[in-house]
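One structure below.
Chain identifiers are assigned alphabetically (A, B, ...) following the order of the sequence lines, protein sequences preceding nucleic acid strands; residue numbering begins at 1 within each chain.
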Protein chains: 2
Amino acid sequence: MATHQTASTTSVLRVMNERAVFGEIFRLGPVSRPELAQATGLSKPTISVALANLGRAGLVREVGLRAGPAGRSALLYEARPEAGWVLAVDIGRAFVRVVLANLAGTIVTRVDDPSGSRNPTDLLAQLTRLADRLTAEVGIGRADVTLAVFGTPGIHDKETGALHLAPNLPGWEQPGAVDRFSTVSSSPYLVENDVDLAAVGEATYGLGRGVAHFAYVSIGTGTGMGIVIDGKLYRGARGCAGEISYLPIGEGDPLQADPTAARRGMFETVASADGIVAAAQRLGWAGATSAKEVFDAARSGDPIAERAVEVEVNHVAHALAAVTAVLDLELIVLGGGVGVQGGDLLIGPVQDRLRHLVALQPPRIEVSTLASDAVLTGAVAVGVTAARDLVLDRMVATNT
Amino acid sequence: MATHQTASTTSVLRVMNERAVFGEIFRLGPVSRPELAQATGLSKPTISVALANLGRAGLVREVGLRAGPAGRSALLYEARPEAGWVLAVDIGRAFVRVVLANLAGTIVTRVDDPSGSRNPTDLLAQLTRLADRLTAEVGIGRADVTLAVFGTPGIHDKETGALHLAPNLPGWEQPGAVDRFSTVSSSPYLVENDVDLAAVGEATYGLGRGVAHFAYVSIGTGTGMGIVIDGKLYRGARGCAGEISYLPIGEGDPLQADPTAARRGMFETVASADGIVAAAQRLGWAGATSAKEVFDAARSGDPIAERAVEVEVNHVAHALAAVTAVLDLELIVLGGGVGVQGGDLLIGPVQDRLRHLVALQPPRIEVSTLASDAVLTGAVAVGVTAARDLVLDRMVATNT
DNA sequence: CGAATTTCGTTAGAGACCTTGCCAAATGGC
DNA sequence: GCCATTTGGCAAGGTCTCTAACGAAATTCG
């Protein structure tokens, strides 16, 4: 770390330019040399040599001709999608979802497998089996995967390799457990919180496109938030940013309660699916069993269910008020089981309530359109971005 | 925005390298050519031409010789502090503070002037007078100021040029009012929220040095928070990030209260200096007049004052719990009148309470060491960073 | 159907920058 | 006073990019 952002010899310039060309090819799709010259500001000969290098490395290929209104037709170039493969994994509550995506970000194969035993050894065996199956379908081996991305609940402690705050994954809190993901693909891999990935997915392919600062708030069996700042995922000092489960919001006066009682009035316990059911029961509907049921009843005008939704609105609005006061976001996308199924009932009232709670201009609030695929989508987005850098780095290394 | 981070011709390389050399000179202090070569990774001849260019532009000068254990003594170079001047202004409640700092960041002259009439016209006249006085002391004119930085309460709306949420600055909420700062120095200027500047000051010269993610929480006559993420100030979508005044924290059950009552239970009303006095009065000390008085009484064991401090601890802990759940910071620095004067009584109990409120590892909490100079310090830090870029840009422009 | 026109791609020459390698100058120790 | 050591400067060489010009391909118009 002697030098911060320094640069030196003239050959780094070539690498920078090749990087820029590669990026523009992704951004613009099939594109001609003159268009690349205009987009990058480079001259035609420079574009030509960059394309030659990228082509020799197998990252770019000719893809046809474009006829203009007059004059010679231009050769079109595109990134070779098979130049890299991303294995994206969503370790969900009921299902393990795995997809294989190419460098263009298109998902080529996919499998949803019911969760079996979730201890590290069994889960890793399941993932390895699924990875084998998917790669075979495409005609590559597990070793040809450029990068694997694993979306898990909880917080990945990079120091110890343990997974914290993930009670549904027994055994993964052991030091070094997360490092065993390396056995699945024998290639570089990333481990990210599932809600964080969903936020990236929403930022790349969903409603968050083009929004500088936004957050994805997931409410389901649990609660969580992924924060995107300046288009980049914000993880916090220890990876715990957005752990809104612990927001001090709940019934009763927090100041009167026993100050030593831990976890009282946590957002998660009152606002998650179970919290909604509990609220309905407390309000007189003893037989309430699921959040979906409560939302359906509220839609048909049941007064107790309506009141339960009102309570949920209040909780969510308080949480988002805290988020707004701290982060001043442009957009909040609501996801998770409760967020998606009850979004139509929640969004309007939450926004109204929010306007009263904070005198600031509240963020736009929308319901996720990616639904249960948000995590996978985000894993692909993260993986493709990193994989593009990887294949370029590899090209530069071999050209030494 | 055709190109994102692209680069092209070979001459940008020279600029990048000169920039790197200039930065290293600041980082390392008086430094020899071989040391610069090592630090930047550039060769000796390149360092020499870069220094020649920087010297010709008046940004760098020779400053002496360093004799090593053996061999020829090396010429030392340093940045010329007079190559740029920063005018930093803190528009505080009782005082207007103005300093003139050189490019090295050392404050050369300073004046603290009691706040008079605070409407734009009068305040600008006062500032212009003070700027004239300070520049004259250094032997330069107001036009020689490289950059001016104004720290104000409230939020600067860059679209309209209005200052929002600053009730103590009457007339400044008019569109275009903030643009009139240009009359003070006739040079480029920046307008930042005062608490945000304090956060930058703490990050550059205070306890936040080297901390990636931290926040400066100010509690005084009002409340506010400045957020530094990845060493950079985070402003939010509309510049309102860190407006913790509007955190929904307060007495009573927010769910039982009238949902339409705006601003009820705001953090600022309960936790600011007035809030502490009100709490003491409510607890039975009818004659309480100032927060300082309450803290002093608590230190001498007065039970009512102790209970009032306990209430304040609870409020602050709840606010910081919300901040921690959202941002997962490494460090929170406490500032402002209440934060500095009552910090010794607050920090320990707040940290204890915080541990119970969030199951996460709470951030370190410390009392600001910069005290009332935090805003000015931050304004200087912001200004010096920007001014260094400015003088370099100017050099590059003249060398075209 | 052929020529003019327009656009594309390549080649050649030149400029800018950085680096390696060598030599002179200066300093402290033996 | 000489020598090892480090600094500073100079020249030559290499890499990259740009401009300018030329040949190639495709369309339009006569």
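Across the protein-nucleic acid pair, L42(B) atom CG and dC17(C) atom C1' stand 11 Å apart, rounded to whole Å. Between the CZ atom of R66(B) and the P atom of dG28(C) there is a distance of 14 Å, rounded to whole Å.
Side-chain proximity of K44(B) to the nucleotides dG9(C), dG8(D), dC18(C) is greatest for dG8(D). Listed nucleotides: dG8(D), dC18(C), dC17(C). Nearest to the side chain of T9(A): dC18(C). Taking the side chain of S11(B) as heavy atoms from C-beta on, and the options dT5(D), dT6(C), dC17(C), the nearest nucleotide is dC17(C). For R14(A), the listed nucleotide lying nearest its side chain is dT17(D); candidates were dC17(C), dT17(D), dT5(D). Set against dC8(C), dA20(D), dG8(D), the side chain of P45(A) has dA20(D) as its closest nucleotide.
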Inset, instruction - Please step through salt bridge (charged side-chain N to carboxylate O under 4.0 Å, His left out) for the pair D179(B) and K158(B), ending with a clear verdict. - result: CA-CA 9 Å; D179(B) 301 330; K158(B) 290 184 164 106; over 6 Å; no

Legend entry - Worked verdict on R209(B) versus T204(B) for side-chain hydrogen bond (donor to acceptor under 3.5 Å, both in side chains): CA-CA 5 Å; R209(B) 241 179 312 183; T204(B) 314; over 6 Å; no

Inset, instruction - Show the numbers, then the answer: is there a ring-ring contact (aromatic ring centres under 6.0 Å, His included) between H213(A) and Y234(B)? - result: CA-CA 10 Å; H213(A) 312 307; Y234(B) 172 70; 5.1 Å; yes

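A cation-pi arrangement is absent between R61(B) and Y77(B), since the terminal nitrogen or guanidinium carbon is not both under 6.0 Å from the aromatic centre and inside a 45° cone about the axis.
Using a 4.0 Å heavy-atom criterion, one finds that T46(B) contacts the bases of the nucleic acid, with or without backbone contacts as well. S73(B) comes within 4.0 angstrom of sugar-phosphate atoms only, judged by non-hydrogen atoms across all strands, and of no base.
You'll find a donor-acceptor pair under 3.5 Å spanning the side chain of R72(B) and the base of dT7(D), going by distance alone.
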